[in-house]
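These notes are about the structure you will find just below.
Keep in mind it's a predicted model, so treat the numbers as computed, not measured. One-based numbering, in listed order, for ligands and for the atoms of each.
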Amino acid sequence: MLRILVSSLLALSSLFTPLSLKEEGIHELPNVHQVPRMVTMSFTHDTKHEMAFNYNTDYHTDTILEVSQDEDFSKDVIEFTGTTSKSKVSNDGFIHQVKATNLKENTTYYYRLGDKELNIYSPIGQFKTENNHPFTSFVHLSDPQMMEESNALTYGRLLNELTSSFDLDFLSVTGDLVNNSWLNNTPHLEQWEYSLTAQFDYLKNIPLMAVAGNHDESDYDFSSRFNYPLEDDQDGKGGIYYSYDYHDMHFIALNTNDTSNREDKDHATGLSSKQLTWLENDLKENSDAKWKVIMMHKGIFDAGSHSSNISGEDYDIPLIREQLAPLFSQYHVDLVLQGHDHLYSRSYPLTCLLENEELKVSYQEETIKVNKDNKEYDTYLNPKGPIYINTGSASGSKYYSVVNYDHDLIPLEKSYGSTNQMCTYYYVENDTLYGEIYELIDGKLSLYDQFALKKDDSILEENKPNDVGDNLQNNNNTLITILIVVSCVVLFGGLITFIIIKRRKHNG
Ligand SMILES: [Fe+2]
């Protein structure tokens, strides 16, 4: 079971040989217990000037981040000191958190993490701070759910293909990165080694923005792996909710583990009121963002058994659907990235309203064809609600079938129970968000589906309901004016004619 962990650590150790010893030609390995593992890089609220990092060591070490525009770290090295704390997860060693701040925007930096005094550093990674060009690209992955070594191998193949095929700003992972790394008082922390340490070659150059799935929920397990902002006074025990901006896009990461009375089916109420309040405030505060994207683990509109509560054990999902879907409609969310059901499905743009405790769902079917780069995208012009999308399994550790779902409640345009690993590549260019859905077949990305959302403000202006009303009012006003003028002319003309006739009679 620990083979991959040991081999990963030994591989890392060869890279971590103290620099001075390397120079002397001495091949002494550092203490593997002091080597940074499970390294993740993530955005802060300031994507132009900051980057955050998180990692583990078995033994206590200092937390130092070195950042340089020079790959050899021979000049202009900026050093940041972070925190080292005992992990809240049992047998998990120490958690290190550190941020790079006051960076230049639109600049490539190299980084390494470790302990300066011990002269043990992570392999060198790199990142680029946000630029001013409003082109964003990211990949949505879900449910790699690492159980065993074979899952790490397949997941790595997909990450390798993705990072070598696309120039990505970040990864969006909608949960279940592991498969219960701490359950029934038994730690299985090697699952995080499969999910993070074993993938570091692919993850070291790309921010990883994730939400917690139900399999990542063990006490503080998820929040111990990522340096996301613990705003809203959260303790991070079962996951974290947070938001961030990138260019003209606003992303909201929800924690679907954070529900109330979940153990009591009759009294369960869905997401906690605290998280709901935070969500609505966040949506209000960011109503001007051109694109709004939600990331959440439990899918509320998809073709899988969980979303339809087939077993009766997913009674929280209908509750969460009733809480969230009307909010997403009200605040003009564009896209909802989901997981939990390991299949591909894509809804129409949905408009949802809760009336007398019943969810009314309507949808927009009309699309136009947009051709770009020899691909034809079914495109929703000024979509009237968010599209809800599941992107399949990123590792193939578990695949789900499409179930006989209620088409009136869950209007889906496409659904597909693939038995290939899947992912979705998104990019935003000008007024259009393009989505390309890929399967990994024979080790290569194969395009399965594509769609787009286009926002055309000129059409929006013409079709605004208030404008239609104003136009009708204006037309009415014009008609009344014409009638008054005609009436005046007729009356005045008649009066003049009457006076002339009278005078002629009098004179005659
Ligand atoms: Fe799940």
Side-chain angles (χ1 to χ4, degrees), residues 140-148 151-152 154-155 158 171-184 188 191-192 194-196 208-223 225-226 236-241 253-259 262-263 265 268 270-272 275 294-321 323-324 336-345 388-403 405 410 415-419 421-424:
H140 173 206
L141 298 170
S142 201
D143 301 271
Q145 207 165 329
M146 296 287 112
M147 299 182 214
E148 54 192 30
N151 306 144
T154 53
Y155 186 39
L158 179 64
L171 290 176
S172 162
V173 183
T174 46
D176 283 358
L177 288 90
V178 295
N179 183 54
N180 303 330
S181 69
W182 175 259
L183 195 64
N184 300 329
H188 296 288
Q191 293 177 0
W192 284 106
Y194 298 149
S195 195
L196 300 176
L208 177 54
M209 308 308 290
V211 295
N214 54 306
H215 289 283
D216 310 316
E217 194 187 358
S218 313
D219 285 358
Y220 300 100
D221 201 9
F222 181 86
S223 58
R225 311 299 156 214
F226 300 99
K237 189 173 182 185
I240 306 172
Y241 51 89
L254 296 180
N255 176 14
T256 51
N257 298 326
D258 175 28
T259 53
R262 59 192 300 177
E263 306 302 339
K265 187 175 181 175
L271 282 193
S272 73
Q275 184 175 183
I294 303 287
M295 298 158 52
M296 55 192 278
H297 180 62
K298 291 191 174 177
I300 53 177
F301 293 102
D302 73 58
S305 58
H306 290 309
S307 189
S308 290
N309 189 22
I310 297 290
S311 69
E313 292 174 6
D314 296 295
Y315 52 87
D316 55 334
I317 290 182
L319 296 168
I320 293 173
R321 184 187 298 126
Q323 289 174 310
L324 296 185
V336 181
L337 309 179
Q338 310 177 129
H340 201 38
D341 281 321
H342 304 190
L343 43 68
Y344 172 61
S345 73
Y388 294 75
I389 191 158
N390 277 48
T391 189
S393 166
S395 72
S397 60
K398 271 203 283 184
Y399 293 117
Y400 287 18
S401 302
V402 171
V403 299
Y405 59 89
I410 302 177
S415 58
Y416 174 39
S418 174
T419 52
Q421 294 165 254
M422 293 189 81
C423 61
T424 306

With a cut-off of 2.8 Å, which protein N/O/S atoms are close to the Fe ion (ligand 1), if we only count those under it? D176 OD2, N214 OD1, H297 NE2, H340 ND1

Would H340 and N214 satisfy side chain to side chain donor-acceptor pair (under 3.5 Å), going step by step from the backbone distance to the final call? CA-CA 8 Å; H340 201 38; N214 54 306; 3.3 Å; yes

Taking salt bridge (Lys or Arg N to Asp or Glu O under 4.0 Å) as the definition, give me every residue that meets it alongside R225, ordered by chain and number, with sequence neighbours left out. D92, D221

Report the residues that fulfil side-chain hydrogen bond (donor to acceptor under 3.5 Å, both in side chains) with Y405, sequence neighbours left out, ordered by chain and then residue number. none

Kindly state each residue pair satisfying salt bridge (Lys or Arg N to Asp or Glu O under 4.0 Å) with at least one member in residues 295-306, sequence neighbours excluded. K298-D316

According to the interplanar angle, ranging from 0 to 90°, do the rings of H306 and Y400 count as parallel (below 30°), tilted (30 to 60°) or perpendicular (above 60°)? tilted

Only one of I240, V211, I294 passes side chain to side chain contact (heavy atoms under 4.5 Å, CB included) with L254, and that residue is I294

